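Presented below is the structure to which this report refers.
Nothing here was measured: the structure is a model prediction, and the numbers come from that model.
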Amino acid sequence: MTNFSFQSSREWWSQRWLDLLDSYRFKKRLERARNYSRQGNVLRIQFEGAKVSARVQGTEVEPYQVLLFLEPFTDEQWQYVIETMSQRAIFAAKLLAGEMPPNIEEVFTLNGLSLFPFTLSEVRSKCSCPDKANPCKHIAAVYYQLGDRFSEDPFVLFQLRGRTKNQIIDALRELRSAHQIANPEPIALQSAPQTSLDANGTSFWHYREPLESNLVVIAPSTSSDVLEILGAIPLSNDLAENADNSSEVVMHYLIAVYQQVAQQAFLVAMNTEAS
């Protein structure tokens, strides 16, 4: 006999399932179904592929037979869903650990699917009892039982859509292994040994080994400090009388020439061709 216990706080996927049932407008029928669940009238629940079969004890001597199932996804749809799961590390990690990611519905939505049925009419069910209403109290009692099954094993919800826990985990592992083979992790470079510094860090700029000669370039300065130190160029009285500020004009010219020559010398020192 199946034990049924109403939990004060349920996992979100289990609560979503029960909220779907609670949307049923015949509340008295649901109350009788909850009593059936509490009292142990659901004698057996088992999966037959993606379908759930159950035996529920009613008012008759013989238990009633209940069958319940959702529309399963196709093989192609499941392939897209599992590929999307494998591309999201957090989803794959949680599912491989047997946990249901809180936003798992996104994976199905991205592929144009819905993990949960939108309405109660999407859940296909039938019972051998004479009650023509659907869900009858026997079917509804199985609904409540499945709510607890979902809490114990979230993969039961996937099974209603056509994939078992082992099938999903095996497919995820296969896809992730194929991805790792196609995209191997880069080889980590060995880090250089760390050297200790003294308290004030003064030894940081002291090199204990000589540098490679080809790494050292002594570049000439491009500054015109020399001309600035020499100051204004004295010109003869004849040149000075021919143009205003002739000394200043000559100085600007020499500064330009000095900078151009220094730049060319720098390029030669760096072994670089001028553009």
Side-chain angles (χ1 to χ4, degrees), residues 2 4 6 10-38 40-60 62-82 100 104-105 107-168 171:
T2 305
F4 184 85
F6 286 90
R10 294 178 178 275
E11 288 78 1
W12 64 267
W13 56 87
S14 177
Q15 190 59 51
R16 278 283 299 274
W17 176 263
L18 295 180
D19 288 344
L20 187 69
L21 179 60
D22 289 340
S23 67
Y24 189 52
R25 61 191 180 93
F26 296 104
K27 303 302 180 184
K28 290 185 177 180
R29 187 185 299 271
L30 293 181
E31 184 60 33
R32 290 195 293 270
R34 280 193 289 266
N35 290 334
Y36 267 34
S37 296
R38 292 190 184 101
N41 286 53
V42 180
L43 306 179
R44 184 196 65 189
I45 290 182
Q46 65 182 25
F47 273 88
E48 298 174 356
K51 297 181 179 181
V52 175
S53 66
R55 296 173 68 241
V56 182
Q57 184 65 58
T59 55
E60 299 296 327
E62 288 295 322
Y64 295 114
Q65 303 295 323
V66 173
L67 183 65
L68 185 148
F69 62 96
L70 299 177
E71 190 69 29
F73 299 143
T74 65
D75 291 343
E76 184 179 19
Q77 289 171 330
W78 267 114
Q79 181 180 355
Y80 290 136
V81 167
I82 294 175
M100 178 76 83
I104 188 64
E105 289 178 289
V107 175
F108 294 87
T109 303
L110 288 172
N111 291 279
L113 303 170
S114 175
L115 177 60
F116 290 91
F118 290 108
T119 63
L120 200 58
S121 61
E122 293 181 47
V123 184
R124 313 293 177 82
S125 57
K126 62 180 181 179
C127 180
S128 61
C129 75
D131 193 345
K132 300 301 181 182
N134 194 333
C136 64
K137 56 181 175 290
H138 314 105
I139 293 174
V142 176
Y143 270 94
Y144 285 119
Q145 288 283 331
L146 284 175
D148 265 7
R149 289 292 183 94
F150 294 156
S151 294
E152 297 168 1
D153 184 3
F155 286 89
V156 170
L157 185 58
F158 291 153
Q159 191 164 345
L160 285 174
R161 290 298 193 182
R163 282 294 183 275
T164 65
K165 178 178 181 178
N166 289 337
Q167 287 175 321
I168 291 175

Over 12 foreign heavy atoms within 6.0 Å of [atom1], [X]:
{"X": "Glu76", "atom1": "CD", "result": "no"}
{"X": "Lys28", "atom1": "NZ", "result": "no"}
{"X": "Phe155", "atom1": "CZ", "result": "yes"}

Measuring from [X]:[atom1] to [Y]:[atom2], what's the distance to the nearest 0.5 Å?
{"X": "Arg124", "Y": "Ile139", "atom1": "CZ", "atom2": "CD1", "answer": "13.0 Å"}
{"X": "Tyr64", "Y": "Thr59", "atom1": "OH", "atom2": "OG1", "answer": "4.0 Å"}
{"X": "Leu160", "Y": "Phe150", "atom1": "CG", "atom2": "CZ", "answer": "5.0 Å"}
{"X": "Leu68", "Y": "Ile45", "atom1": "CG", "atom2": "CD1", "answer": "9.0 Å"}
{"X": "Leu120", "Y": "Asp19", "atom1": "CG", "atom2": "CG", "answer": "12.0 Å"}
{"X": "Arg55", "Y": "His138", "atom1": "CZ", "atom2": "NE2", "answer": "13.0 Å"}

Backbone of [Y] reached by a side-chain donor or acceptor of [X] within 3.5 Å:
{"X": "Asp131", "Y": "Ala133", "value": "yes"}
{"X": "Asp148", "Y": "Tyr144", "value": "no"}
{"X": "Asn41", "Y": "Val56", "value": "no"}
{"X": "Thr164", "Y": "Gln159", "value": "no"}
{"X": "Glu122", "Y": "Thr119", "value": "yes"}
{"X": "Arg161", "Y": "Ser114", "value": "yes"}

**OP:** Begin from the C-alpha positions of Asp75 and Gln79 and carry the test side-chain hydrogen bond (donor to acceptor under 3.5 Å, both in side chains) through to its verdict.
**Re:** CA-CA 6 Å; Asp75 291 343; Gln79 181 180 355; over 6 Å; no
Nearest heavy-atom neighbours spanning [X] and [Y]:
{"X": "Gln65", "Y": "Ser128", "value": "N-OG, 2.8 Å"}
{"X": "Glu48", "Y": "Ser53", "value": "OE2-OG, 3.2 Å"}
{"X": "Gly58", "Y": "Tyr36", "value": "CA-OH, 3.8 Å"}
{"X": "Ala33", "Y": "Ala140", "value": "CB-CB, 3.3 Å"}
{"X": "Ser37", "Y": "Gln145", "value": "O-NE2, 3.7 Å"}
{"X": "Pro117", "Y": "Leu20", "value": "CG-CD2, 3.3 Å"}

**OP:** Classify the ring geometry between Trp78 and Phe158 as parallel (under 30°), tilted (30 to 60°) or perpendicular (over 60°).
**Re:**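 Trp78 vs Phe158 ring planes: perpendicular.
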**OP:** May I ask you to test the Val123-Leu70 pair for a side-chain heavy-atom distance under 4.5 Å?
**Re:** yes
Original post:
For the ring pair Trp17 and Tyr143, is the centre-to-centre distance below 6.0 Å?
Top reply: yes
**OP:** Could you go through the side-chain hydrogen bond (donor to acceptor under 3.5 Å, both in side chains) check for Asn35 and Arg38 one step at a time?
**Re:** CA-CA 5 Å; Asn35 290 334; Arg38 292 190 184 101; 3.3 Å; yes
Original post:
Which is it for Glu31 and Arg34 under the salt bridge (Lys or Arg N to Asp or Glu O under 4.0 Å) test, yes or no, and what are the steps along the way?
Top reply: CA-CA 5 Å; Glu31 184 60 33; Arg34 280 193 289 266; 2.8 Å; yes
